[in-house]
2 protein chains.
Amino acid sequence: MSPAELDQLTSEWLDKLQESGYRRTDRCEAIVRAILASPRAMDPMELFDEARKDIPRLGLVTVYRTIQKLADLGLVERLHQEEGCHRVLPATQGHQHFLVCSSCGTVTYFAGDNLAGLFETIAAQTGFEIQEHWLQLFGLCPACRPA
Amino acid sequence: MSPAELDQLTSEWLDKLQESGYRRTDRCEAIVRAILASPRAMDPMELFDEARKDIPRLGLVTVYRTIQKLADLGLVERLHQEEGCHRVLPATQGHQHFLVCSSCGTVTYFAGDNLAGLFETIAAQTGFEIQEHWLQLFGLCPACRPA
DNA sequence: CCTGATCTTGAAAATCGTTTTCATTTTATT
DNA sequence: AATAAAATGAAAACGATTTTCAAGATCAGG
Ligand SMILES: [Mn+2]
Ligand SMILES: [Mn+2]
Ligand SMILES: [Zn+2]
Ligand SMILES: [Zn+2]
């Protein structure tokens, strides 16, 4: 993403926050930019370190509070991890899922999983009414693949 | 599962623990039985409460330590949840995934997801080498479905 | 059976990530 | 500028999990 695109997207997110009654602040801008600028899912402490480069007096609490606001608006999602579920990513668009590099943590999005048939089979077998599914892939990104 | 089957399975798990150098104790047996007896994924505190019916002097630490041993041996897996990943279940057999009732928490297992084609497509599109996948379904179990 | 080596246990304290509290500052509206 | 509402940071509180440590249980060998 180019610097101009990053500014653009950051500004759009701040607009959406503002439309929802939140205020436009330098801290929020720094945190949003840190989320959007990273190809990796970042945890609160990593976002804190990143955003403090812009706002040295930032508090870690503000990172947590901002993540919560962004999650409430559906702008970010939390990445499910083996150890915990604390990393933050720009939300998937429509019916997408995450593909995570198990070496460097880079995340990309994908679509096209067609599980409708599976759901019907399972519903018939188990009597469950299927409501939701989580699908998350792990692998090696191009940069981390052995040559 | 009948009481006899439960005893049988519990004993098998204790055997496996013992074969791996762990010792056979009453605490461990109570915790293993609690895991196997429940149709739901239980968190450490729930297992604690359940196992204390057998062993009133049990400590919560022992529950954590036993879960860790069972996970090391591959006998249990942790269920991925929105809030955290702390619930424990007998491990899936072969290529299976979890189907969780979003109302009562009952968990069943399923197989038959065929994602190989999807993985090839995604590998081609993204350059990732796919290694692993998590698939978890949520729905309403027969008992929780509206009539 | 004893006995020692090793593993297990529970209580208490420590740790770690996250949330709450509260007084102060900042933002948005008049 | 004056005001009301929201945002902030420091500190304290919190809850789940882990570590420490001294005492107790299990197990293999004699
Ligand atoms: Mn899907
Ligand atoms: Mn699968
Ligand atoms: Zn990578
Ligand atoms: Zn149910």
Side-chain angles (χ1 to χ4, degrees), chain A residues 11 13-35 41-73 75-76 78-88, chain B residues 11 13-35 41-73 76-88:
Chain A
S11 186
W13 282 33
L14 292 173
D15 290 344
K16 286 183 184 160
L17 282 165
Q18 214 166 13
E19 284 162 20
S20 302
Y22 298 114
R23 294 184 176 174
R24 187 176 277 258
T25 71
D26 54 355
R27 330 274 151 150
C28 194
E29 174 169 355
I31 294 163
V32 166
R33 176 172 281 111
I35 292 172
M42 311 260 277
D43 66 29
M45 185 57 76
E46 289 174 320
L47 288 174
F48 179 53
D49 289 337
E50 194 58 34
R52 252 193 313 183
K53 294 177 184 169
D54 278 312
I55 312 280
R57 310 210 40 202
L58 180 69
L60 178 56
V61 222
T62 301
V63 175
Y64 279 99
R65 289 193 272 231
T66 303
I67 291 171
Q68 186 57 52
K69 288 172 192 169
L70 295 172
D72 287 346
L73 293 187
L75 290 171
V76 300
R78 294 184 168 89
L79 182 70
H80 305 291
Q81 297 196 127
E82 201 56 73
E83 345 91 52
C85 305
H86 322 109
R87 289 175 182 276
V88 171
Chain B
S11 185
W13 281 34
L14 292 173
D15 289 344
K16 285 181 185 161
L17 283 165
Q18 214 167 13
E19 283 161 21
S20 302
Y22 297 114
R23 294 183 176 176
R24 188 177 277 259
T25 70
D26 53 354
R27 330 274 150 150
C28 193
E29 175 169 356
I31 295 163
V32 166
R33 176 172 280 112
I35 292 172
M42 311 260 278
D43 65 30
M45 186 56 77
E46 289 174 319
L47 287 174
F48 179 54
D49 289 337
E50 194 59 32
R52 253 194 311 184
K53 294 176 185 168
D54 277 312
I55 313 280
R57 310 209 38 203
L58 181 68
L60 178 57
V61 221
T62 301
V63 175
Y64 279 100
R65 289 194 272 231
T66 303
I67 290 171
Q68 186 56 53
K69 289 171 190 168
L70 295 172
D72 288 344
L73 293 188
V76 300
E77 285 178 43
R78 294 184 168 89
L79 182 70
H80 305 291
Q81 298 196 126
E82 200 57 73
E83 345 90 55
C85 306
H86 320 108
R87 292 177 180 274
V88 171

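Lettering follows sequence order; numbering is per chain, from 1. Values below: all heavy atoms of this structure, side chains included; hydrogens, waters and symmetry mates excluded.
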> Apply the side-chain contact (heavy atoms from CB on, under 4.5 Å) test between B/Leu70 and each candidate in B/Thr66, B/Ile67, B/Leu73, B/Asp72; give the one that qualifies.
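Of B/Thr66, B/Ile67, B/Leu73, B/Asp72, side-chain contact (heavy atoms from CB on, under 4.5 Å) with B/Leu70 is met by B/Thr66 alone.
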
> Near DNA chain C, counting only heavy atoms under 4.0 Å, which residues of residues 65-73 of chain A show up?
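Residues of residues 65-73 of chain A that come under 4.0 Å of DNA chain C are, in numerical order, A/Arg65.
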
> Once salt bridge (charged side-chain N to carboxylate O under 4.0 Å, His left out) is applied, do any residues pair with A/Arg65, and if so which ones, sequence neighbours excluded?
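Partners of A/Arg65 under the salt bridge (charged side-chain N to carboxylate O under 4.0 Å, His left out) test: none.
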
> Taking DNA chain D as the partner, which of residues 17-29 of chain B come within under 4.0 angstrom of it by heavy atom?
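Going residue by residue through residues 17-29 of chain B, the ones with a heavy atom under 4.0 Å of DNA chain D turn out to be B/Gln18, B/Arg23, B/Arg24.
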
> Got a sec, which residues hit side-chain hydrogen bond (donor to acceptor under 3.5 Å, both in side chains) with A/Arg33, two or more places apart in sequence or on another chain?
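Counting only residues at least two positions away or on another chain, A/Arg33 forms a side-chain hydrogen bond (donor to acceptor under 3.5 Å, both in side chains) with A/Asp7, A/Glu29.
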
> Holding to side-chain contact (heavy atoms from CB on, under 4.5 Å), I want the full list of residues that pass it with A/Glu46, two or more places apart in sequence or in another chain.
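A/Glu46 satisfies side-chain contact (heavy atoms from CB on, under 4.5 Å) with A/Arg40, A/Met42, A/Asp43, A/Arg87 only.
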
> How many whole angstroms separate atom OH of B/Tyr64 from atom P of C/dG10?
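Taking atom P of C/dG10 as the reference, OH of B/Tyr64 is at 15 Å.
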
> Bend across the helix from C/dC1-D/dG30 to C/dT30-D/dA1, to 10°, with axes taken over 5 pairs at each end?
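One end axis against the other gives 30°.
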
> Anything under 4.0 Å to a heavy atom of chain B counts; send over the first and last such nucleotide of DNA chain D, read 5' to 3'.
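So the contact region on DNA chain D extends D/dA16 to D/dC27.
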
> Give the rounded distance in Å between these two atoms: CG of A/Asp15 and P of C/dA28.
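After rounding, the gap between these two atoms is 12 Å.
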
> Starting at CG of A/Leu14 and ending at C1' of C/dT26, how long is that distance when rounded to a whole Å?
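Value for this atom pair: 16 Å.
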
> Could I get the full list of salt bridge (charged side-chain N to carboxylate O under 4.0 Å, His left out) partners for A/Asp54, not counting sequence neighbours?
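For A/Asp54, no residue satisfies salt bridge (charged side-chain N to carboxylate O under 4.0 Å, His left out) once neighbours in sequence are set aside.
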
> Near DNA chain C, which residues from residues 42-53 of chain A have a heavy atom under 4.0 Å away?
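Contacts with DNA chain C under 4.0 Å: A/Pro44.
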
> Could you tell me whether a side-chain N or O of A/Ser20 sits under 3.5 Å from a main-chain N or O of A/Lys16, the two making a donor and an acceptor?
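Between the backbone of A/Lys16 and the side chain of A/Ser20 there is a qualifying donor-acceptor contact (under 3.5 Å).
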
> Can you sort out the partners of B/Asp26 under salt bridge (charged side-chain N to carboxylate O under 4.0 Å, His left out), two or more places apart, ordered by chain and number?
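B/Asp26 satisfies salt bridge (charged side-chain N to carboxylate O under 4.0 Å, His left out) with no other residue.
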
> Under the salt bridge (charged side-chain N to carboxylate O under 4.0 Å, His left out) test, which residues partner B/Arg52, sequence neighbours left out?
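With sequence neighbours excluded, B/Arg52 shows a salt bridge (charged side-chain N to carboxylate O under 4.0 Å, His left out) to B/Asp49, given in chain and number order.
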
